[in-house]
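Chain identifiers are assigned alphabetically (A, B, ...) following the order of the sequence lines, protein sequences preceding nucleic acid strands; residue numbering begins at 1 within each chain.
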Amino acid sequence: MEEQRQLDEYSISDQMLEKQQESSELVLSKVETERIQRQDNPKQLPSSYFVSASYDGKRGKACINLYDPISKRIYFWHDTSKHKPYLLTNLSPYELDQLDRVKSHPGFDHFEQVEKFDPLLDKMVSLTKVVARDPLAIGGRPRGCLREIIPEDHAKVSTPEQPEAKVWEAAIKYYQCFIYDSHLIPGTSYSIKNGELIPATVENTENIVEKIQTTFDIQEGEEKAHIEQWAQLLEYPAPPFRRVALDIEVFSPIATRVPDPREAPYPVICACLTSKIDKDQVLLLKRKGVKDGRERLPSDASLKFFEQEKDLIEAIFKALWDYPFVITFNGDDFDLRYLAHRAEKLGIPRKEIPIEVGRRVCLLKSGVHIDLYKFFYNRSIQIYAFSNRYRDVTLDDVGKALIGLAKYDLNKPFADLSYSELARYCYRDSEITLKLTSFDDDLVLKLILVLARISKMPMEDVSRQGVSRWIRNFLHFEHRRRNFLIPNKADIFSLKGKTATTAIIKGKKYKGAIVVKPVPGVHFNVAVMDFASLYPSIIKIWNLGYQTILCPHEDDKDNIVPGTPHWICRKYKALESLLIGSLRDLRVNWYKPKSKDKTLSADVLSWYNIIQSALKVILNASYGVFGAESFDLYCPPVAEATAAIARHALTLIVKQAHDLGIEVLYGDTDSVFLKNPSREQIDELAAWSSKELKMSLDVDKVYRYAVFSSRKKNYLGIFDDGRVDVKGLTGKKRHIPRFIKDAFNQMKSRLGKVSSSEEFESAKRDIKKIVLDRYMRLKRREWENLDDLAFHVVLGEAPERYIKTTPQHVMVARMLKDRDIEMRAGDLVSFVKIKPRDMVVRNRREVISVMPMQLAADSDVDVDKYVAYLQSTFEQVLDALGLEFDEIIGLTKLERFM
DNA sequence: ATCTATGGCAAGCCGA
DNA sequence: TCGGCTTGCCAT
């Protein structure tokens, strides 16, 4: 059966390929029509991945995109049930009847009475479900939708003593609503049998889930059931993704300016489509006066010239119709948007354009578009999935950091490039884009797939939206599954919005973590113990959630969170606690250890590593979202309680360590640094933590020695193998000039070679030499390259938005603007420090002490400023080593006199 | 339209 | 001149 089906699929796709190859022009629409018909609502479909969802306005139905990993095609399935968009309201059908604009609303369908459990009020409530024919009738339009009409109109007809009309669940995207109500899980497989969608199961998965279950035998009831459900999702295999990466280049008369994609005023001059499986395509537009050039393309790419831009674009579109996954870097805002508008301008009919242009996104009509810029821009992804390995979210920087592939350097504008130079440049971009999805066994796409499963979101959304949306959506899913009313943000806040602690930082909502003052000096044999996943553990163990904190039960008011007046419910388990807690357990007790288990095959290891990093990303954000106003279940006391319990736990651990006779050198939030502890002491402390705090405290790392100054969040830790952890020191910050950073790194590697206190003396001598050498080179103005002295600071905002002060990098941006170089929020500004001088900047006289790199000369440099930087950078470490900067350089002054 | 949190350090601006 | 405030970058 299986084989037969495969053959059929392949023969169909082969035929199609041939057809397309026969004549590349005009046939497109015919072929496409045929294909779309075949793709649309097949009566039968073997197990295929639910990758995306949308609302089909023409049919008034939710539409699911299914990716068949065998034929490697996308198929569409439309909802066959009577599911419709709706909202909930406290008005009865009778009351709603009085509101003219409701029943006469063109999108209105009918009323239903429903019972839901309200987690805020802790009781069942009777509500009316107002069902509509299309989602826009519920909300989404600027005016005149039901979610606004109901409260507005009711206020007009009701008496003051009547309760006001409220609506719930009225701002949920329709396809999400459909996913929740139908219990569909994006990222997993479904087959179609006789037109109906059926969940698919994989036998092998079941076995592993069983194994996981036995690991968690200690857990009981609900918790265990959830662990099992998550495990089932996560163990489910991932398909091979058939994909193409696209990059285009557009002509621009002004070299520094990228044409506006909404206008699409100039021709597309080059496009590259890279898949590495099919033949890569380089498409070039013939233009007058352009040289061929000599640069060579990889032999597996095919080069094609077009006389007409329209033909070139149609060739791109052919691929966009064909591939189930299309990868771009900034395609939402540029490539796809430009192509769509340009195509329209050239008279290509709308229905032959494969792109759906949205306000902020560009989606594909027959596939999934992943814009890697959006994905890598996500701070949680940047920090927790890729440990800050890339700094700027540019193709060049991300490419260099993750796959070691940089963009081609261009030293002239596009207009001056030969065909081969242009092709090589564009091809490299598409190559980087593709490889960013394929490295480490398709890590990025699999990560997106796993996140789609957890969050219950389509792959497109999960790759574009932030972690707070992911968390919100799986909580929404759970609410619907249990017939819980999803509360309004305002209601949570008015009932449970007040925090009771004062933050140390001005302007913050509540008090955060503790940092233990470090013991300055050099300490040998330092063990760092930390709580595994502290905040998620607290949320789990203390049953935190908007429902359970400050609950309405009198007899729970004595169940107090230490350090706060808040109390916690004992009667119900909070959904947040349950879901975040079970994800935590799975990561800590299964996926994290398994991802390091050498007995597993490479495939399984890499898959487990993907899962554990997906969990890490979610868990690390899971506390913060409760303190984020943008989060739909915003509940500051939950965040506050989490932080308070963490302070409590850390304080107790520090005290307990002390009682066990261990010296605590330092601690931050969830960690304690222990000086030369014995095995027994470590075990005792860990045992005490499990018993008294119900949290596991493990040895995270051991330093051969650590160097502390008196500053918090500032230290060096040297591992046994000579690697050096540098935390918080100025020498590692990215805005510091390379000239200083280099010296700092020399010191760092020298410290890595020290293995005993006896060896310190010679290391100190070398370090003195390093510092002195830098100092002398500065004084003698002996730097190799002015760039080495550049500071690099990111503009947090647009230059004109700095009102209160004018920081140096902003001054630099303004100086550049006078020379027509525009700097925007997020740009990195590079400058050197100079002796103060008067200058006119933006028509104002200013005293400036900085100079943009573009304008600076060696003679401008204020050497003493750099000496001061050298001093402050090194003092953070010299302090602890018993060295003095002044002495190091003072010595030479004497010597010079002698 | 977009958005997890707070704590800590260094530098520089700017008004008292 | 001092000290509060703003800014950016980092730790967790």
Side-chain angles (χ1 to χ4, degrees), chain A residues 332-333 358-361 374 377-381 383-384 388 391 464-472 499 501-518 528 530-531 533-536 580 617-634 636 638-640 642-644 646-647 650 666-671 700 709-715 725-736 791-797 801-811 825 828-829 833 846-847 849-850 865 868-869 871-873 875-876:
Chain A
D332 277 348
D333 282 332
R359 289 168 67 102
R360 304 172 0 261
V361 300
K374 294 261 172 75
Y377 187 83
N378 184 318
R379 288 287 291 169
S380 300
I381 293 291
I383 297 170
Y384 298 118
N388 251 327
R391 314 305 289 262
R464 286 170 174 80
Q465 297 180 353
V467 61
S468 67
R469 296 296 183 85
W470 308 344
I471 294 172
R472 174 192 75 180
T499 53
T501 56
T502 314
I504 288 170
I505 304 173
K506 211 184 97 195
K508 301 293 184 189
K509 288 169 279 204
Y510 58 89
K511 195 191 279 295
I514 308 184
V515 186
V516 179
K517 263 214 302 200
V528 182
D530 68 0
F531 292 109
S533 256
L534 177 64
Y535 288 163
I580 293 165
V617 172
I618 288 187
L619 290 171
N620 276 321
S622 63
Y623 136 79
V625 293
F626 296 109
E629 252 167 285
S630 56
F631 184 55
D632 277 57
L633 302 170
Y634 176 51
V638 169
E640 182 182 36
T642 312
R647 289 194 299 276
L650 190 69
Y666 177 62
D668 186 346
T669 312
D670 63 351
S671 63
D700 177 37
S709 69
S710 56
R711 297 162 188 84
K712 294 172 174 181
K713 297 188 187 277
N714 259 267
Y715 63 86
D725 253 357
V726 182
K727 300 290 182 179
L729 301 182
T730 303
K732 99 177 238 193
K733 299 205 175 183
R734 83 147 166 188
H735 65 279
I736 286 299
F791 286 81
H792 308 278
V793 182
V794 170
L795 275 174
E797 302 186 72
R801 297 193 50 178
Y802 291 81
I803 313 276
K804 291 165 180 156
T805 58
T806 307
Q808 295 187 327
H809 64 299
V810 176
M811 184 62 77
L828 191 67
V829 179
K833 305 227 176 190
E846 308 271 6
V847 182
S849 47
V850 286
K865 213 67 222 153
Y869 257 91
Q871 173 163 13
S872 77
T873 303
E875 255 170 6
Q876 294 175 344

Begin from the C-alpha positions of A:Asp668 and A:Lys713 and carry the test salt bridge (Lys or Arg N to Asp or Glu O under 4.0 Å) through to its verdict.
CA-CA 8 Å; A:Asp668 186 346; A:Lys713 297 188 187 277; 2.8 Å; yes
Take A:Gln876 and A:Ser709, measure what side chain to side chain donor-acceptor pair (under 3.5 Å) needs, and give me the verdict at the end.
CA-CA 6 Å; A:Gln876 294 175 344; A:Ser709 69; over 6 Å; no
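Among the heavy atoms of the strands lying under 4.0 Å from A:Arg734 are primed sugar atoms or P, OP1, OP2 only; no base atom is included. A:Glu629 comes within 4.0 angstrom of nothing in the nucleic acid, heavy atoms only. Among the protein residues, A:Thr806 comes within range of the sugar-phosphate backbone only, with heavy atoms under 4.0 Å from sugar or phosphate atoms but none that close to a base. Residue contacts shown for A:Lys833 are limited to sugar-phosphate atoms, with no base heavy atom under 4.0 Å away. Residue-level contact check: A:Tyr869 touches the backbone only, with heavy atoms under 4.0 Å from sugar-phosphate atoms and none from bases. Backbone-only contact: A:Tyr715 has heavy atoms under 4.0 Å from sugar-phosphate atoms and none from a base. Residue contacts for A:Val617: at a heavy-atom cut-off of 4.0 Å it reaches no nucleic acid atom on any strand shown. Counting non-hydrogen atoms under 4.0 angstrom, A:Thr669 reaches the backbone sugars and phosphates but no base. Nucleic acid contact class of A:Ile505 (heavy atoms, under 4.0 Å, all strands): base. Residue A:Tyr802 is classed as a sugar-phosphate contact, given heavy-atom separations below 4.0 Å to backbone atoms only. Base contact: A:Ser380 has a heavy atom under 4.0 Å from a base atom. Among the atoms of the strands shown, only primed sugar atoms or phosphate atoms (P, OP1, OP2) are found under 4.0 Å from some heavy atom of A:Lys712. Residue A:Tyr510 is classed as a sugar-phosphate contact, given heavy-atom separations below 4.0 Å to backbone atoms only. Among the heavy atoms of the strands lying under 4.0 Å from A:Lys865 are primed sugar atoms or P, OP1, OP2 only; no base atom is included.
Using a 4.5 Å heavy-atom threshold, the side chains of A:Leu828 and A:Arg391 count as separate. Here the side chains of A:Asp670 and A:Leu650 are not in contact, with every heavy-atom distance at 4.5 Å or above. Annotation: side chain of A:Tyr384 is not in contact with side chain of A:Val467 (no heavy-atom distance under 4.5 Å).
When each of A:Lys506 and A:Tyr666 is assigned the nucleotide of DNA chain C bearing its nearest heavy atom, the one mapping closer to the 5' terminus is A:Lys506. For A:Lys804 and A:Thr873, each mapped to the nucleotide of DNA chain B holding its nearest heavy atom, the one lying further toward the 5' end belongs to A:Thr873.
Checking the phosphate oxygens (OP1, OP2) of C:dT7, no side-chain nitrogen or oxygen of A:His809 falls inside 4.0 Å. The side chain of A:Gln465 places no N or O atom within less than 4.0 Å of a non-bridging phosphate oxygen (OP1 or OP2) of B:dC3. Taking 4.0 angstrom as the limit, A:Arg391 places a side-chain polar atom (N or O) nearer than this to OP1 or OP2 of C:dC10. Listed pair A:Lys713 / B:dG7 fails the phosphate criterion, with no side-chain N or O lying under 4.0 Å from OP1 or OP2. Contact check, A:Lys733 against B:dC9: no side-chain N or O comes under 4.0 Å of OP1 or OP2.
Within 6.0 Å of CZ in A:Arg734 there are more than 12 heavy atoms belonging to other residues, nucleotides or ligands. By the 6.0 Å contact criterion, NZ on A:Lys509 is enclosed, its count of non-hydrogen atoms from other residues, nucleotides or ligands being greater than 12.
Set against C:dC10, B:dC13, C:dT12, the side chain of A:Thr805 has B:dC13 as its closest nucleotide. For A:Val793, whose side chain is taken as the heavy atoms from C-beta onward, the closest listed nucleotide among C:dT12, B:dT4, C:dG8 is C:dG8. Residue A:Val515 has its side chain nearest to B:dG7 when only C:dT7, C:dA11, B:dG7 are considered. For A:Arg711, the side-chain atoms get nearest to B:dA10 when compared with the rest of B:dA5, B:dG7, B:dA10. Nearest nucleotide to the A:Gln808 side chain, out of C:dT6, B:dC13, B:dG7: B:dC13.
If you measure from atom CZ of A:Phe626 to atom C1' of B:dC3, you get 16 Å, rounded to the nearest angstrom. For the pair A:Asn388 CG and C:dA11 C1', the computed distance is 11 Å after rounding to whole Å. Whole-Å rounding puts the A:Arg469 CZ to B:dC3 P distance at 7 Å. One atom, CG of A:Leu650, and another, C1' of C:dT12, lie 11 Å apart when rounded to the nearest Å. Atom C1' of nucleotide C:dC9 and atom CZ of A:Phe791 are separated by 14 Å, given to the nearest angstrom. With rounding to whole Å, A:Asn620 atom CG is found 14 Å from B:dA5 atom P. Regarding A:Arg801, its CZ atom lies at a distance of 15 Å from the C1' atom of C:dT6, rounded to whole Å. Residue A:Leu619 contributes atom CG, which lies 15 Å from atom C1' of C:dT12 at whole-angstrom precision.
By the ring pair (Phe, Tyr, Trp, His ring centres under 6.0 Å) test, A:Tyr510 is found to be paired with no residue, residues two or more places apart in sequence or in another chain being considered.
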